Amino acid sequence: MTENRDRLATTDARDLALECIEAGIAAGHPRRVIREAVSLEGRDHLRVADGTSNLAQYDLTQYDEITVLGGGNAAAHVAAALEDLLGDLIDGGVVVTDDPTETDRVAVLEGDHPVPSERGVESTRELLAAADAAGERTLVLAAITGGGSALMPAPAGDVSLEELRTVTTALLESGADISESNAVRKHCSALKGGQLARRAAPATVVSVLLSDVVGNDPSVIASGPTVPDGSTFADAIAVLERYEIDVPGAVADRLERGAVGEVPETPDADDPVFGDVTTHIVADGMTVLEAARDVAVDRGYEPLVLSSRIRGEAREAATTHVAIAEEALVTGVPTSPPAVLLSGGETTVTVTGDGSGGPNQEFATSAAIELTGGITVAAVDTDGIDGATDAAGALVDETTVDDRATARAALQHNDVSPYLAERGELIRTGATGTNLNDLRVVVVESASTSDD
């Protein structure tokens, strides 16, 4: 899975960190997840179990057709896995993704991430047309995964694609978290915030979600195209004011008109459109962490999951992770080495420079500045794309930084990707087929091991 593994795995600790990452990503691949969560009894009953062990059953004899609709980084792989299970029971469908894979019955159309594109708009137009064609006896299997907010752009009203791109870029660079960003994007869209479900009504919609957001709020995952939206136009305006983001005129006009009731709100929980909609989160960040934890145990290390909900500035989170690792190394608290500290979630970067990088690369660089020995740190985005770069993240130890001033300058200018590339520390996986948020692995060696 790691394309440059031989270059990176130069020590046992580095090899272990990579093995944890690879196991975590593999555990979250849709083909494995769908196989474990979705089953077919005969040809008449579909069963879906989510991460809370809730089991729902759907009588397929009640429907004249089954279609797969959705989008996100992993949506095509979800569609392919559903085809593996249901075969010719699936009549068609459309998914939008930047990681296509071969399917027999579902059309896989391409978009772009993390900034929306013209081809994404065209693909989403076909997705919405397929939703409009769904009838009362249609079962829609909605394949929704992380990345869908950018991949399924449907500019609403007078908002243009270019204006949507401008807003998206500003939000990505502002340090706003995903919930805040999506509150804005939902109210500039004709699909997000429950509006795909509205377009598919009166069909029955069964949403199958892979979560890439802290807390697994389905209204935030891919901006919640098939679930009720609790955010409002006023909330969107508040986010822009909070982060001092100037938006194009058409966006500002739409949000202001919406706030005074001149543009309809996105559907909320009381909207009858959701009467035939069910939602199942079949994988999340904990799916990844549990697989990485098992690897640590198999290798003889004590695992400790710090949290699946880490958020905030990437470089600040890195300092905290290193501090915990140092405590473990010196005092054996909160766990005794050899140990592996694990965390998930989604950190952010407030961009003030004009370089290239991503949250996981900034996390790794910030951590590397603090390392003095006995600790190895890896951080990746599980979709294989960190920020707008072609790297998943980075792997660092005490040998990475030889001049702290240079490393700090790279952080200051948000230009850590070239810095890490020059040192051969970038982790390159390519598109992984999944998107379950970030994974961070901190290997803490025992005193005897670190002295070897």
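Computed from a predicted model, the values in this text were never measured in an experiment. For the single chain, residues carry numbers from 1 onward in sequence order.
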R309 versus E346: any side-chain heavy-atom pair under 4.5 Å?
no
Closest heavy-atom pair, L151 versus G72, reported as atoms and distance to 0.1 Å, is CD1-C, 3.3 Å
Exercise for review: Take D15 and R5 through the salt bridge (charged side-chain N to carboxylate O under 4.0 Å, His left out) test and state the conclusion after the steps.
Suggested key: CA-CA 8 Å; D15 179 75; R5 199 181 205 289; 2.7 Å; yes
To the nearest 0.5 Å, atom CD1 of I144 lies from atom CG of L69 at 8.5 Å
Open item on the list: Looking at R428 and T2, would you say the former's side chain and the latter's main chain have a donor-acceptor pair under 3.5 Å?
Closed with: no
| How about Q57: does its CD atom have over 12 heavy atoms from other parts shown lying under 6.0 Å from it? | yes
### Query
Within the distance-only criterion (no hydrogens, no angle test), does the side chain of H29 pair as donor or acceptor with the backbone N or O of I25 below 3.5 angstrom?
no
**Asked** Is D298 atom CG crowded by more than 12 heavy atoms from other residues, nucleotides or ligands, each under 6.0 Å away?
**Response** yes
Using a distance-only test with no angle check, is there a side-chain donor-acceptor pair under 3.5 angstrom linking T389 and S356?
no
What one should report as the nearest heavy-atom pair of D276 and A203 is CB-O, 4.0 Å
Exercise for review: Assess whether side-chain contact (heavy atoms from CB on, under 4.5 Å) is satisfied between R125 and V96, documenting all intermediate values.
Suggested key: CA-CA 10 Å; R125 188 172 292 124; V96 184; over 6 Å; no
Show the numbers, then the answer: is there a side chain to side chain donor-acceptor pair (under 3.5 Å) between H321 and S343?
CA-CA 9 Å; H321 279 63; S343 76; 2.8 Å; yes
Quiz prompt | Beyond-backbone contact of P267 with D229, side-chain heavy atoms, under 4.5 angstrom | solution = no
Charged N to carboxylate O below 4.0 Å: is that the case for D112 and R119? yes
Verify, without hydrogens or angle tests, whether N414 (side chain) and T352 (backbone) share a donor-acceptor contact under 3.5 angstrom.
yes
message: For a side chain to side chain donor-acceptor pair (under 3.5 Å) check, start with the C-alpha distance between D59 and T61, then their side-chain angles and the critical distance, and finish with the verdict.
response: CA-CA 5 Å; D59 182 356; T61 65; 2.6 Å; yes
Taken to the nearest 0.5 Å, the spacing of L342 CG from L306 CG works out to 7.5 Å
**Study point:** Note: D271-R198 ion pair, threshold 4.0 Å (strictly below)
**Key:** yes
### Query
Does the side chain to side chain donor-acceptor pair (under 3.5 Å) test come out yes or no for D212 and N437, once each step is laid out?
CA-CA 4 Å; D212 70 329; N437 232 318; 5.7 Å; no
Q) Do S181 and V239 have side chains that get closer than 4.5 Å, going by heavy atoms? A) no
side-chain contact (heavy atoms from CB on, under 4.5 Å) between E313 and T350, worked out: CA-CA 7 Å; E313 283 289 325; T350 302; 2.4 Å; yes
* Asked: Any cation-pi pair here, R315 with F363, using under 6.0 Å and within 45°?
  -> no
Result for side-chain contact (heavy atoms from CB on, under 4.5 Å) between I427 and one of L420, D386, L395, D381 points to L395
### Task
Taking atom types as modelled, find out whether E362 and T365 have a side-chain donor-acceptor pair closer than 3.5 angstrom.
no
dist L141:CG -> Y58:OH (nearest 0.5 Å) comes out at 9.0 Å
- Query: Between the main-chain N or O of V340 and the side-chain N or O of E302, is there a donor-acceptor pair closer than 3.5 Å?
  - Reply: no
Review point. Considering only heavy atoms from C-beta outward, does the side chain of T382 approach that of N435 to under 4.5 Å?
Key: yes
Checklist entry - Is there a donor-acceptor contact under 3.5 Å from the side chain of T287 to the main chain of A283? => result no
Would you sort out whether I34 and V78 count as a side-chain contact (heavy atoms from CB on, under 4.5 Å), showing the intermediate values?
CA-CA 7 Å; I34 295 300; V78 174; 4.2 Å; yes
On a heavy-atom basis, the closest approach of L18 and A9 is CD1-CB, 3.9 Å
Residues K192 and K186: closest non-hydrogen pair is CB-CA, 3.8 Å
Exercise. Does the side chain of L128 reach to within under 4.5 Å of the side chain of L196, using non-hydrogen atoms?
Worked result: yes
- Answer yes or no: are there more than 12 heavy-atom neighbours, outside D132 itself, under 6.0 Å from its atom CG? yes
OG of S179 to CD1 of I221, rounded to nearest 0.5 Å, is 11.5 Å
_Looking at R185 and T168, would you say the former's side chain and the latter's main chain have a donor-acceptor pair under 3.5 Å?_
no
Does the pair T432 and T429 meet the rule for a side-chain contact (heavy atoms from CB on, under 4.5 Å), with working shown?
CA-CA 7 Å; T432 64; T429 63; 3.5 Å; yes
E83 side chain to R105 backbone, donor-acceptor under 3.5 Å: yes
When rounded to the nearest 0.5 Å, the distance separating OG1 of T347 from CZ of R440 is 5.5 Å
If we only count heavy atoms from C-beta on, is the R47 to E41 side-chain gap below 4.5 Å?
yes
Inset, instruction - Please confirm whether the backbone N or O of P100 pairs with a side-chain atom of T97, one donor and one acceptor, at under 3.5 Å? - result: no
Between the side chains of E163 and R254, is the shortest nitrogen-to-carboxylate-oxygen separation below 4.0 Å, so that they form an ion pair? no
**Prompt:** Is the number of heavy atoms from other residues, nucleotides or ligands under 6.0 Å of E262 CD greater than 12?
**Reply:** yes
Notebook entry, point to check: Quick one: are P248 and V167 in side-chain contact, heavy atoms under 4.5 Å?
Noted result: yes
(Q) Looking at D246, I'd like to know if its CG atom is crowded, meaning that more than 12 non-hydrogen atoms belonging to other residues, nucleotides or ligands lie closer than 6.0 Å. (A) no
query = Any sub-3.5 Å donor-acceptor pair from S366's side-chain atoms to A318's backbone N or O?
reply = no
Taking every heavy atom of R31 against every heavy atom of A80, the minimum-distance pair comes out as NH2-CB, 3.3 Å
- Could you walk me through whether D98 and N73 pass side chain to side chain donor-acceptor pair (under 3.5 Å), step by step? CA-CA 6 Å; D98 60 347; N73 300 120; 3.1 Å; yes
d(L139 CG, D91 CG) to nearest 0.5 Å is 10.0 Å
On a heavy-atom basis, the closest approach of L60 and R43 is CD1-O, 3.8 Å
Side chain to side chain, L289 and R293, heavy atoms closer than 4.5 Å: no
Test item: S211 side-chain N/O and D284 main-chain N/O as donor-acceptor pair under 3.5 Å: no
- Query: Salt-bridged, E65 to R137, with N to O below 4.0 Å?
  - Reply: no
